[in-house]
Amino acid sequence: MSLVFAGVCSHAPGIVGRADQADPAAKDRLYDAFADMRNRLEASEPDALIVVAAEHFANFFMNNMPSFAMGMADYYEGPIENPDWLGIQKTRIPGDKSLSERLIRKVMERSDVSYAEEWKFDHGIMVPLHFLTPSYKLPIIPANINCQGPPLAPLNRAWAFGQALREAADSVPERIALIGTGGISHWPATPDSGKINEEWDRRFLDEWSRCDKDAMLSYDDTQSYIDAGQGAFEIRTFMTISAATEGIEGTVHFYEPIPIFAVGCTIATINL
Amino acid sequence: MQKFLFELNRDEDFQSRYLADRRAALAGFDLSDEEQRALSEPDIGLLFHIGVNGQILMHFAAFHSIEWQDYLQLMRDGLDAHGPVREGVYAVTGYEGVESHSARLTQIGELEEGDI
């Protein structure tokens, strides 16, 4: 089979944890967009969902930091955060070890990926799942790109990882859905939290929606940090989805800066 | 210091031991007196100033039930009291605080509005 669904979404913890502090109308528009994304995902009838995330030191630390990693377990647990703070209760999330292993073996042919038989999800995966698979029935294959602790893998390696994921999805009989989760410009968890560079975001999303590979690969982390905060390193997750669907345009269904959520909230899908 | 927080953030048993005796939970980690004080009080502003990544610090603050706006203010107060972040990802290009970043953003100029 192949990819039956691909898209990207935000994962900021405030989206759920600080929902009551946001402009209610803005929150409702975002939640409606998440619901629409969930409907699109379910309509594609996937057997499993690969979540390309930028986790935040829940599993991977600077003592042993992989640039790219994928989960290979029959179940995962999350969130690691205080459930009251995140607004999501601790739960067990199904995986599929056999499918993971087959995908990972294929990805390894093109990309140097690490695997992990244990994985605790943080908000980077739990917030998207809270909206997209709230019953926690769909098997999840977590994937992580180090977007937190430099040195980070260059953007072209994230592109290669996305291409490898596509080849892997094409190589298995299961119907595979794929999402990337991350922020565009943002300064998460710092004193600048809430600052959003909307112009920067809209330019990147325009490039993303046109699958403009050259434009996306031209970003420089040092400049991105100055212009768009350390959270902008997470564009790797969005670009991975572009690489997995190279040549196909995407549609940005929702983009709106919501400062209390600390990010320009984004919901977009690839026009598969 | 970040290793201690990484371990604490993801391990509920470790969290219980920390709550029972904060100083004792620090044993086994290579920490200065300043770092031990910052971790045991906890002093969120000092931890940010020393260089703890916000993604690690945010979870630690949530663990201590520190409200979001208070967490942000504690970091700002830490920068005011101690100066710019010493090392880590925020020091790579110089994290001097909110105002300098705001000033930098205004220098970017008007970008063309992209249609999305």
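Letters go in sequence order (proteins before strands), and every chain restarts at 1.
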What's the verdict on side chain to side chain contact (heavy atoms under 4.5 Å, CB included) for B:Q69 and A:I260, showing C-alpha distance, side-chain angles and the deciding distance? CA-CA 10 Å; B:Q69 296 299 342; A:I260 190 63; 3.5 Å; yes
Heavy-atom closest pair, residues [X] and [Y]:
X: B:G54; Y: A:A189; value: O-CB, 3.2 Å
X: A:N82; Y: B:A62; value: ND2-O, 3.4 Å
X: A:H56; Y: B:H59; value: O-CE1, 4.3 Å
X: B:L72; Y: A:T190; value: CD2-O, 3.3 Å

If I measure from the heavy atoms of chain B, does [X] come under 4.5 Å with its side chain, its backbone, both, or neither?
X: A:Q148; answer: both
X: A:F233; answer: side chain
X: A:N59; answer: both

Is B:Q2 close to chain A through its backbone or its side chain, or both, or neither, when contacts mean heavy atoms under 4.5 Å?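 It is both, since atoms from each part get that close.
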Which region of B:E12, side chain (C-beta onward) or backbone (N, CA, C, O), has a non-hydrogen atom less than 4.5 Å from a non-hydrogen atom of chain A, or is it both or neither?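 The answer is the side chain of B:E12.
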Is the CG atom of A:N63 crowded by more than 12 outside heavy atoms at less than 6.0 Å?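 More than 12 heavy atoms, drawn from other residues, nucleotides or ligands, come within 6.0 Å of this atom.
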How about A:H123 and B:M58: do any of their side-chain heavy atoms sit closer than 4.5 Å?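 Heavy-atom side-chain distance check passes, below 4.5 Å.
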Please determine whether side chain to side chain contact (heavy atoms under 4.5 Å, CB included) holds for the pair B:L5 and A:F57, giving the CA-CA distance in whole Å, both sets of side-chain angles, and the decisive distance to 0.1 Å. CA-CA 10 Å; B:L5 292 170; A:F57 307 112; over 6 Å; no
Could you tell me whether the side chain of B:Y71 and the main chain of A:P191 form a donor-acceptor pair under 3.5 Å?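 Judged by distance alone, no pair lies under 3.5 Å.
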Hey, can you tell me if A:W85 and B:W68 have their rings parallel, tilted or perpendicular (30° and 60° cut-offs)?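 If you compare the ring of A:W85 with that of B:W68, the planes turn out tilted.
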What distance separates B:M75 CE from A:D192 CG, expressed to the nearest 0.5 Å?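 These two atoms lie 9.0 Å from each other.
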